[in-house]
Number of protein chains: 2
Amino acid sequence: MSIEHSILAILSYWPSTGYDIKAEFEHKAAGLYWGMSYGSIYPKLKKLEEQGYIYTINEEETGRRKKQYELTPKGWRELEKWLTLTPAYPVVRDELLMKMSTWHEDMDAQVLIDHLLKRKETTGDLLEFVKNWPTNGTSYISDYGMLAIRYGETRLEAELNWIEESIQALQKNQLPQGQDPQDMTKKLLARRRAAVQQEGVND
Amino acid sequence: MSIEHSILAILSYWPSTGYDIKAEFEHKAAGLYWGMSYGSIYPKLKKLEEQGYIYTINEEETGRRKKQYELTPKGWRELEKWLTLTPAYPVVRDELLMKMSTWHEDMDAQVLIDHLLKRKETTGDLLEFVKNWPTNGTSYISDYGMLAIRYGETRLEAELNWIEESIQALQKNQLPQGQDPQDMTKKLLARRRAAVQQEGVND
DNA sequence: GTGAACATGTAAAGAGTTACATGATTAG
DNA sequence: CTAATCATGTAACTCTTTACATGTTCAC
């Protein structure tokens, strides 16, 4: 349980439809929280209702169908129990870092710089959004939520600085020095060159 | 394809067994990159070999079984093609932020502080590790990999600062002010209290 | 009147984890 | 001799996304 719990969490803010929940994840989640598709949400809502964590407070079955869910007492209890459990340490899956660590001298550094520039753009947009969010006059952000937003700002700013520095280092060809006690860089390039030369032969 | 590609990436450093690959993800990934279980790795290795991206260079079938894989020319080509593709923006799933944003006044703030203290510990350990890694005298870290490590340092340091500030704010009860144009905090607490009171009645 | 946004839902496929099962070697 | 580490692998399960299917309402 965890997607279920985040649905309960969203529902704790205000009664919502499946569509609302998706929207809520869409923008808050935009890089900061979470993400979820309709294919997950609707079946989970059904299940949560069956299990008595949520109930339908408002159902339009004619015209534009619409089903609004609200937490039951059991749902509130379950949510607050979950909030109290130590959160798992976040798992980051960052393709850029993976790719960067696997880069080598025989590849075009400009491509890596382009990756960084694209990252910079998205991160910059996100930072703008996060900064303006608490003063847009419409969104609800609790004082606790405000702490989470500050996290976003801090992290995104740190990331932008790192991107800037990395681009500089790559452009000036002044990368920080790594550690290579066994000459692995040399060996890697040799293995790779040998393989590439074979290409025409038997591949 | 993406787990497959990270296996190719690891294999590009040096020929490895499934066990080695898991270990490689285990520590580098420790919060910074990625993660992977044996249940994913072994079937993928088999598949990658069948498809001609990797081959067995060393197989011990007696005694302690061991199978070491290496990239084929096709594997190198595929890896480098992948490295060139724009990396997806990382999706973070951070339970702590989700829980923090869902916290409310009727809950014990000390529990949230405890969550932060635990996070601080893990993040601190990770930062120590990342800082010492490039000078431990044994690990191989390329100059590009060094950039990725700097990202880790930057991000983890920013996180520690934020944790410190957040704990302070919570302890002094001086949270930053959010935005609540429709009195949602009040409504939320009212909905929740109504539900909790009903508990004995029909739940 | 038409395109965007609102709204719900299912089925199949894909991705990945957990638990299980097995055994060898090494360090103390 | 025994616990830790090295080492491989499968099966069942869970979780999640993608693609499809359908219809309404609102703003221009």
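All chains are named by letter (A, B, ...) in the order of the sequence lines, taking the proteins before the strands, and each is independently numbered beginning at 1. Every heavy atom of this structure was used, including side-chain atoms; hydrogens, water molecules and symmetry mates were not. Just so we're clear, the structure is a prediction, and the values are computed from it rather than from any experiment.
- The shortest distance between the side-chain N/O atoms of B:Ser2 and the OP1/OP2 oxygens of C:dA15 is not below 4.0 Å.
- OP1 or OP2 of C:dT10 sits under 4.0 Å from a side-chain N or O of A:Lys46.
- The nearest whole Å value for the distance from the CZ atom in B:Phe25 to the P atom in C:dT17 is 10 Å.
- Considering only side-chain N and O atoms, B:Arg65 lies nowhere under 4.0 angstrom from the phosphate OP1 or OP2 of C:dT25.
- Rounded to an integer number of Å, the gap from B:Ile21 CD1 to D:dC6 C1' is 15 Å.
- Closest approach to the B:Ser40 side chain among D:dT8, C:dG16, C:dG9 is made by C:dG16 (side chain taken as heavy atoms from C-beta onward).
- With a 6.0 Å cutoff to the six-membered ring centre and a 45° limit on the axis angle, B:Lys99 counts as a cation-pi contact of A:Trp82.
- Going from atom CD of A:Gln68 over to atom P of C:dC6 covers 14 Å, rounded to whole Å.
- Crowding of A:Gln177 atom CD: a count of heavy atoms from other residues, nucleotides or ligands under 6.0 Å not exceeding 12.
- Inspection of the A:Thr17 and A:Asp20 side chains reveals an N or O donor paired with an N or O acceptor under 3.5 Å.
- Rounded to whole angstrom, the span from the NE2 atom of B:His5 across to the C1' atom of C:dA15 amounts to 15 Å.
- For the OP1/OP2 pair of C:dG9 and a distance below 4.0 Å, the side-chain nitrogens and oxygens of A:Tyr38 include no atom meeting the criterion.
- Atom-to-atom, CD of A:Glu4 to P of D:dT14 comes out at 12 Å; the value is rounded to the nearest Å.
- For A:Thr17, no side-chain nitrogen or oxygen approaches OP1 or OP2 of C:dC6 to under 4.0 Å.
- Look at CD on A:Glu49: it is 14 Å from C1' on C:dG9, rounded to the nearest Å.
- Among the heavy atoms of the strands lying under 4.0 Å from B:Gly18 are primed sugar atoms or P, OP1, OP2 only; no base atom is included.
- For the pair B:Lys22 NZ and C:dG16 P, the interatomic distance rounds to 14 Å; values are reported in whole Å.
- Ranking C:dG9, D:dA7, C:dT18 by closeness to the B:Lys66 side chain, first place goes to D:dA7.
- For B:Arg93 and D:dT16, the shortest distance from a side-chain N or O to OP1 or OP2 is below 4.0 Å.
- Nearest to the side-chain atoms of B:Arg64 among the listed nucleotides C:dG9, D:dC6, C:dT17 stands D:dC6.
- For the pair B:Asn58 CG and D:dA7 P, the interatomic distance rounds to 11 Å; values are reported in whole Å.
- Taking the six-membered ring where tryptophan is involved, the planes of B:Tyr140 and B:Tyr13 are perpendicular, since the angle between them exceeds 60° and thus also 30°.
- Side-chain atoms of A:Ile3 lie closest to D:dT16 of the nucleotides C:dA5, D:dT8, D:dT16.
- Ring geometry, A:Tyr144 versus B:Trp103: the interplanar angle falls from 30° to 60°, so the pair is classed tilted.
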